[in-house]
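Here the structure comes first, spelled out in structure tokens, and everything after it is commentary.
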Number of protein chains: 4
Amino acid sequence: MADNTAEQTRRSPDPRRRSQRARNAILDAAAELLGEVGYSKLTMEAIAARARVGKQTIYRWWPSKAAVVFDVFTRLTGATAGAPLPDTGDLAADLKTVFRATADEFTDPETDRTTRAFTAEIQHDEELARAVTERLVEPNNRAVRDRLSSGRAAGQIAPEADLELAAEMLSGPINHRWLLRTGPLTHEYVDRLVDTVLRGLRP
Amino acid sequence: MADNTAEQTRRSPDPRRRSQRARNAILDAAAELLGEVGYSKLTMEAIAARARVGKQTIYRWWPSKAAVVFDVFTRLTGATAGAPLPDTGDLAADLKTVFRATADEFTDPETDRTTRAFTAEIQHDEELARAVTERLVEPNNRAVRDRLSSGRAAGQIAPEADLELAAEMLSGPINHRWLLRTGPLTHEYVDRLVDTVLRGLRP
Amino acid sequence: MADNTAEQTRRSPDPRRRSQRARNAILDAAAELLGEVGYSKLTMEAIAARARVGKQTIYRWWPSKAAVVFDVFTRLTGATAGAPLPDTGDLAADLKTVFRATADEFTDPETDRTTRAFTAEIQHDEELARAVTERLVEPNNRAVRDRLSSGRAAGQIAPEADLELAAEMLSGPINHRWLLRTGPLTHEYVDRLVDTVLRGLRP
Amino acid sequence: MADNTAEQTRRSPDPRRRSQRARNAILDAAAELLGEVGYSKLTMEAIAARARVGKQTIYRWWPSKAAVVFDVFTRLTGATAGAPLPDTGDLAADLKTVFRATADEFTDPETDRTTRAFTAEIQHDEELARAVTERLVEPNNRAVRDRLSSGRAAGQIAPEADLELAAEMLSGPINHRWLLRTGPLTHEYVDRLVDTVLRGLRP
DNA sequence: CTCTAATCGAGACGGTACGTCAAGTCTTAGT
DNA sequence: ACTAAGACTTGACGTACCGTCTCGATTAGAG
């Protein structure tokens, strides 16, 4: 290790002694408050009070408010991150299934709230942005590319198609519409998007 | 547009008496500080101090930090908002020209900073989101749709194509890549995107 | 006296041009507000608003809040300041008459309020203190001394008595009791005080 | 319901945890500033800055500027409050000793400043007035009355004399003279006052 | 199964910024 | 041309949270 100074100064706490009770109370409190007051009005003080926990207990285990909310976030959406897409042989249908689900998730108030909090936060916090991208965005993206790849192998997509671009052409517009609230995220919209994208990728 | 600002909802001060000197000093100070410390560490107090202005003068004309930065933002990008796209007859070339410029803008550090500040802020502030959408996003979107429409009239796009969707398929992926920093916004990337989208829209 | 106000030191504006309407409106407003919110919460802004007068109009003629209230004060109590005491030949009776009236005045809520405001103010403002003493306290004191003097001439007081001290022995305790709210200012109290003081001054 | 006192609603911090360091720094800073800028220009902000203390730490323990200065005041004069008067058998001499000391105290610039600040403040703040009266004025008054009482027992004062009134006849004029700055507080003045008062109280 | 060291709830601490109020000065619109 | 209205700079207000720092009181793991 090049730099061990910080390690010696700031002794990290023993995770074996960590109170699971406190951890859950904090994440629950944070999740509740996120819903009630939103991310920007969410305070460490309020989380501590709601969780009946000392502020130090939060700071002992999380470096920042963003980190706490990140754990709330992964408790919500982390479970399914990177799961492979269904492969029924019908590429369009499989993509529609998956992106309809994505659209539905964005429509759910709780996910919407937390995701917006994150979207906001990663604008300022590059490290957090990297964490989110690596652990959530990239795995999902890879799963989409894998399905597109198997579709290409089956001759449904041009051999020279850029699958990275293709995946972004699917996620991008949905994300854009949600982000800027420029229109409703209906299944019909998703279907048309998938169809048009696949049309552009045909052999 | 005579008055392109966020100030329309404020209660009663007489805009005729407004000090133009103070207004400019505030926006300049905010722009500078935004570059120096970033949005989340930008404070009203610092803006006031830098602009040699009373805090009250800021609060008199803008309801929040976000509103101030919004005006900084519109001063930067608002000028060209809604300008019609070039129409050389070559739809692909024209779209590439425009979206290459958009990609370049996102790459510029100052625009990047301000735009990220905004993207973050509109997640929490619906009213601000509406203002941004109406005055910046929607006009630009309309300009793209208009160009697509003239391309459709020229037979370069299928008559039944959904131009709203088409516009989002162009902006969405670019925005997505910038937002999540999943890849570089090169001209080459833009070109491939435009080509693939237009392929999907062919008659 | 032509001008019995605090305004004499103010340098330049031409008193001939002074709006009597504004002057009265300001003093009325100040008097009303003094009763409603008390001295320390009385603001120039509120006086100006209530009097429907520009703040500058107040500052043009009075240097401070204290000066305005001083004029309110003299309008109230200035009229009778320095008036000679009755002289019926019965010194004790005459003093009782006068100091009972003084006690009653202190008991009156409006006078109480204004006098307290003044007492507070003259602690910080030496110039104001001098003005109050010269124009209000000293004239009244002199009137008391004059009556004591005529009593001494009539043999009711020892020839060597210090009348300055005597006057203070009358005003002092009454003032003290009012100031510190250590007891009620009844006529009976005043009578006992006068009797005891005169007993100490007997030939 | 029956027990609806103010003390139950007032959520007060735990005095055991109070930092004595902070308390002293605050009182020292307030005392210094009081001397430098005077009461009315004394600000909580300046006290906090000088004491290198957070403003909240002041507000946590004192409700107002007046309360802080009250503690400064009691640190100065509170030590001797209520101490019994000397009893040498010579009533006049004992009273002169004590009131000469009082006069000297009023003459001391620091006591003068603080006492004036208080006199001003208790005009607006009844609660503070009560505190001052109970803790400082009344104890001193009682001590004087006790000495007068022992003098009465020794036959130096008429048995029917009102000792409350007598005490006020001593404190009142001294206070009055100091308050209105109508004359110097010399030992000679005090002596004459004591003599005249005792003359009025003789059997 | 103690003993002891860490974590825990609690909250005071030195700070920064908030958004408001008023002071006293300067500017402008309207009679 | 005056003057009311009010915008301006300044600075203090009292509050909310920040992140750090004691405090006892558990509480869990090493002995």
Side-chain angles (χ1 to χ4, degrees), chain A residues 10-11 13-23 25-26 41-49 51-65, chain B residues 12-23 25 41-49 51-61 63-65, chain C residues 13 17 19 21-22 25 41-49 51-60 62-65, chain D residues 11 13-23 25 41-49 51-61 63-65:
Chain A
R10 178 86 172 107
R11 234 181 59 256
D14 185 344
R16 289 171 310 175
R17 300 204 140 199
R18 180 168 195 178
S19 158
Q20 216 50 40
R21 202 216 108 250
R23 186 189 134 92
I26 289 163
K41 287 184 184 169
L42 178 66
T43 67
M44 292 300 235
E45 218 128 68
I47 296 172
R52 313 230 77 204
V53 139
K55 277 198 288 177
Q56 198 59 253
T57 302
I58 306 184
Y59 283 108
R60 185 152 31 232
W61 303 108
W62 291 273
S64 67
K65 181 173 77 164
Chain B
S12 32
D14 186 343
R16 288 170 305 177
R17 302 200 148 186
R18 181 166 195 178
S19 158
Q20 216 50 41
R21 203 216 107 249
R23 186 189 134 93
K41 286 182 184 171
L42 177 66
T43 67
M44 293 299 234
E45 216 127 68
I47 296 173
R52 311 232 75 205
V53 139
K55 275 197 287 178
Q56 198 76 113
T57 301
I58 306 183
Y59 284 110
R60 186 157 27 239
W61 302 109
S64 66
K65 182 173 74 163
Chain C
R17 302 204 137 198
S19 157
R21 202 219 110 246
K41 288 185 183 169
L42 178 66
T43 67
M44 293 299 234
E45 218 129 66
I47 296 173
R52 313 232 75 206
V53 140
K55 277 199 286 178
Q56 199 57 251
T57 303
I58 306 183
Y59 283 108
R60 190 154 28 234
W62 290 273
S64 67
K65 181 172 77 164
Chain D
R11 207 176 106 267
D14 186 344
R16 288 170 309 178
R17 300 199 148 192
R18 181 166 195 178
S19 158
Q20 215 51 42
R21 205 216 105 251
R23 188 190 132 93
K41 286 183 184 170
L42 177 66
T43 67
M44 292 300 235
E45 216 128 68
I47 296 172
R52 315 226 78 208
V53 139
K55 274 197 288 178
Q56 199 76 125
T57 301
I58 307 184
Y59 285 109
R60 188 160 21 240
W61 302 109
S64 65
K65 182 173 74 164

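Just so we're on the same page: letters track the sequence lines, and every chain starts at 1.
What separates NZ of A:K65 from P of F:dC17 is a distance of 10 Å, to the nearest Å. Regarding B:Y59, its OH atom lies at a distance of 21 Å from the C1' atom of F:dG6, rounded to whole Å. Distance, C:M44 CE to F:dC8 P: 22 Å, rounded to whole Å. In this structure, B:Q56 places its CD atom 14 Å from P of E:dA23, rounding to the nearest Å. A:Q20 has its CD atom 14 Å from the C1' atom of F:dA28, to the nearest Å. Across the protein-nucleic acid pair, B:R21 atom CZ and E:dT28 atom P stand 12 Å apart, rounded to whole Å. Across the protein-nucleic acid pair, B:I58 atom CD1 and F:dC8 atom P stand 11 Å apart, rounded to whole Å. Rounded to whole Å, the distance from CD1 on A:I47 to P on E:dA10 is 16 Å.
Where A:E45 and B:A51 meet DNA chain F, the nucleotide closest to each residue was compared, and B:A51 sits on the side nearer the 5' end. With the nearest nucleotide of DNA chain F identified for both D:L42 and B:R52, B:R52 has the one nearer the 5' end. Both A:A49 and D:R18 lie close to DNA chain E; mapped to their nearest nucleotides by heavy-atom distance, the more 5′-ward contact belongs to A:A49.
OP1 and OP2 of F:dT3 both lie 4.0 Å or more from every side-chain N or O belonging to C:T57. Side-chain nitrogen and oxygen atoms of C:T43 include none within less than 4.0 Å of the OP1 or OP2 phosphate oxygen of E:dC21.
For the helix from E:dC1-F:dG31 to E:dT31-F:dA1, the angle separating the two terminal helix axes comes to 30°, with each axis derived from five pairs and the value rounded to 10°.
With A:K65 contributing its side chain and A:L42 its backbone, the two residues share a donor-acceptor pair below 3.5 Å.
The side chain of B:K55 approaches E:dG19 more closely than any other nucleotide in the set E:dG19, F:dC13, E:dA23. Set against F:dG14, E:dA12, E:dT20, the side chain of D:W61 has E:dA12 as its closest nucleotide.
Closest heavy-atom contact between A:G54 and A:A48: C-CB, 4.3 Å. Scanning both residues, D:A51 and D:A25, for their nearest heavy atoms gives CB-O, 3.4 Å. A:A22 and A:S19 make their closest contact through N-OG, 3.0 Å (heavy atoms, listed as atom of the first residue, atom of the second, distance). Shown here for D:R21 and D:R52, the closest heavy-atom pair between the two residues is NH2-O, 4.0 Å.
In this structure the side chain of C:T57 reaches within 4.5 angstrom of the side chain of C:R60, judged on heavy atoms.
Partners of D:R18 under the side chain to side chain contact (heavy atoms under 4.5 Å, CB included) rule, at least two apart in sequence or in another chain, are D:R23, D:W61, D:W62.
Remark: D:M44 CE to D:I47 CD1 distance equals 6.0 Å, nearest 0.5 Å.
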Pairs: protein N or O with nucleotides 29-31 of chain E N or O, under 3.5 Å:
residue : atom : partner : partner atom : Å
E:dG30  : OP1  : B:R16   : NH1          : 3.4

